[in-house]
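Shown next, in structure tokens, is the structure this report addresses.
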Amino acid sequence: MAHRSPTQGKQLPKTASIEDWARSDVYHNSFLIPQDPVLDAALKNSVANGLPEIAVSTAQGKFLHLQARSIQAKRILEVGTLGGYSTIWLGRALPEDGELITLEINSKHAKIAEENLYNAGLFPKCKVVTGPGHESMVDLPSESKFDLIFIDADKPSNLKYFTEAKRLVRQGGIIIVDNVVRFGRVADPEQSDANIEGVRLLLNALKSDQDVDATTMATVGEKGYDGFIYAIRN
């Protein structure tokens with residue numbers, strides 16, 4: 001009988017760098033996500049106009065798109081538009097009679113996002129509302145529920161956004177909050193800043209929240225090591 005090595009069939013551990021994860025993202029994307037001149041143009045236009053390069057990654061955008069499609073979303077709310085890159089991914093998941101509202105506090109960012117949405121053929125199906133995100137959410141009526149809400153705005157306000165999102169999303173609907181791992185700093189008691197504390201405040205609230213069922217999904221790739229909170233409304 002042949003003797004089997006203890007390591008046979010196992011992956012040996014390897015310390016991976018951001019460059020390793022970025023290369024992995026590019027490799028997997030080359031099989032699963034075709035080149036898209038519209039999305040590329042949206043990123044290029046955003047950078048050319050001085051917007052910060054903090055949009056979701058290509059793979060994360062595709063993930064959001066697939067989530068919206070999987071629940072056959074007809075109404076989507078996005079909190080934090082930036083240049084509309086994630087908005088395009090989400091908007092493309094909608095049916096012809098679907099609607100997406102995206103909230104952006106910065107008027108310059110909102111203008112660039114509108115340009116990018118128009119170029120993507122998603123305007124006016126995707127509507128940009130300019131103003132403070134929480135105030136804009138409060139102004140939205142709860143009678144017409146959203147199927148999916150994506151929160152990617154200022155992290156200190158995470159809990160305020162999430163509380164309003166629960167009011168606005170349908171039962172069984174999805175709430176996704178971005179940037180909640182922050183290179184592992186949220187779990188490090190030696191680390192603290194306004195963004196980290198905003199995530200911790202939300203996590204503490206979710207611990208006893210009976211309105212949702214939630215988990216954190218870590219993400220690694222071209223944007224580094226971060227993650228989503230993924231919640232379903234009970």
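Here the structure is a predicted model, which means the values were calculated and not measured.
Across Leu32 and Pro34, no two heavy atoms sit closer than the pair O-CD, 3.8 Å. Closest of all the heavy-atom pairs between Ala110 and Val128 is CB-CG1, 3.7 Å. Scanning both residues, Ile33 and Lys62, for their nearest heavy atoms gives CD1-CB, 3.7 Å. The heavy-atom pair separating Ser142 from Arg167 by the smallest distance is CB-NH1, 3.4 Å.
Residues Leu94 and Glu99 have side chains not in contact (no heavy-atom distance under 4.5 Å, counting atoms from C-beta outward). By the 4.5 Å heavy-atom criterion applied to side chains, Ile76 and Asp147 are not counted as neighbours. Side-chain contact between Ile101 and Glu78 is absent, with no heavy atoms from C-beta onward closer than 4.5 Å. Residues Leu82 and Pro52 meet the side-chain proximity criterion, which asks for heavy atoms closer than 4.5 Å. Residues Asn195 and Val199 fail the side-chain proximity criterion, which asks for heavy atoms closer than 4.5 Å. Considering only heavy atoms from C-beta on, Thr87 comes within 4.5 Å of Leu100 through its side chain. Residues Arg92 and Val38 are in side-chain contact: their nearest non-hydrogen atoms beyond the backbone lie under 4.5 Å apart.
With no hydrogens or angles considered, no side-chain donor-acceptor pair links Asn234 and Asp211 at under 3.5 Å. With no hydrogens or angles considered, a side-chain donor-acceptor pair links Asn179 and Lys155 at under 3.5 Å. Donor-acceptor pairing under 3.5 Å is recorded for the side chains of Asp154 and Ser157. No donor-acceptor contact under 3.5 angstrom links the side chains of Thr130 and Glu104, judged on distance only.
Arg233 places no side-chain N or O within 3.5 Å of a backbone atom of Gly173 that could act as its donor or acceptor partner. When atom types are taken as modelled, the side chain of Ser57 and the backbone of Gln60 share a donor-acceptor pair closer than 3.5 angstrom. At distances below 3.5 Å, not a single donor-acceptor pair connects side-chain atoms of Lys44 with backbone N or O atoms of Leu39. Side-chain atoms of Asp209 do not come within 3.5 Å of backbone N or O of Ala205 as any donor-acceptor pair. Without hydrogens or angle criteria, Asp226 side chain to Val181 main chain gives a donor-acceptor distance under 3.5 Å. Not a single donor-acceptor pair under 3.5 Å links the side chain of Ser24 to the backbone N or O of Asp20.
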Do Asp97 and Lys74 pass the salt bridge (Lys or Arg N to Asp or Glu O under 4.0 Å) test, and can you show the C-alpha distance, the side-chain angles, and the key distance before you say yes or no? CA-CA 7 Å; Asp97 60 344; Lys74 292 189 69 173; 2.9 Å; yes
Applying salt bridge (Lys or Arg N to Asp or Glu O under 4.0 Å) to Lys111 and Glu114, what does each step give before you reach the verdict? CA-CA 5 Å; Lys111 178 178 180 295; Glu114 287 181 340; over 6 Å; no
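Relative orientation of the Phe228 and Phe63 rings is parallel, given thresholds of 30° and 60° on the angle between their planes.
Under the 4.5 Å side-chain heavy-atom criterion for grouping Ile, Leu, Val, Met, Phe, Trp and Tyr, Phe150 is not connected to Phe162 through any hydrophobic cluster.
Remark: Trp89 CH2 to Asp36 CG distance equals 6.5 Å, nearest 0.5 Å.
Around atom CD of Gln72, no more than 12 heavy atoms belonging to other residues, nucleotides or ligands sit under 6.0 Å away.
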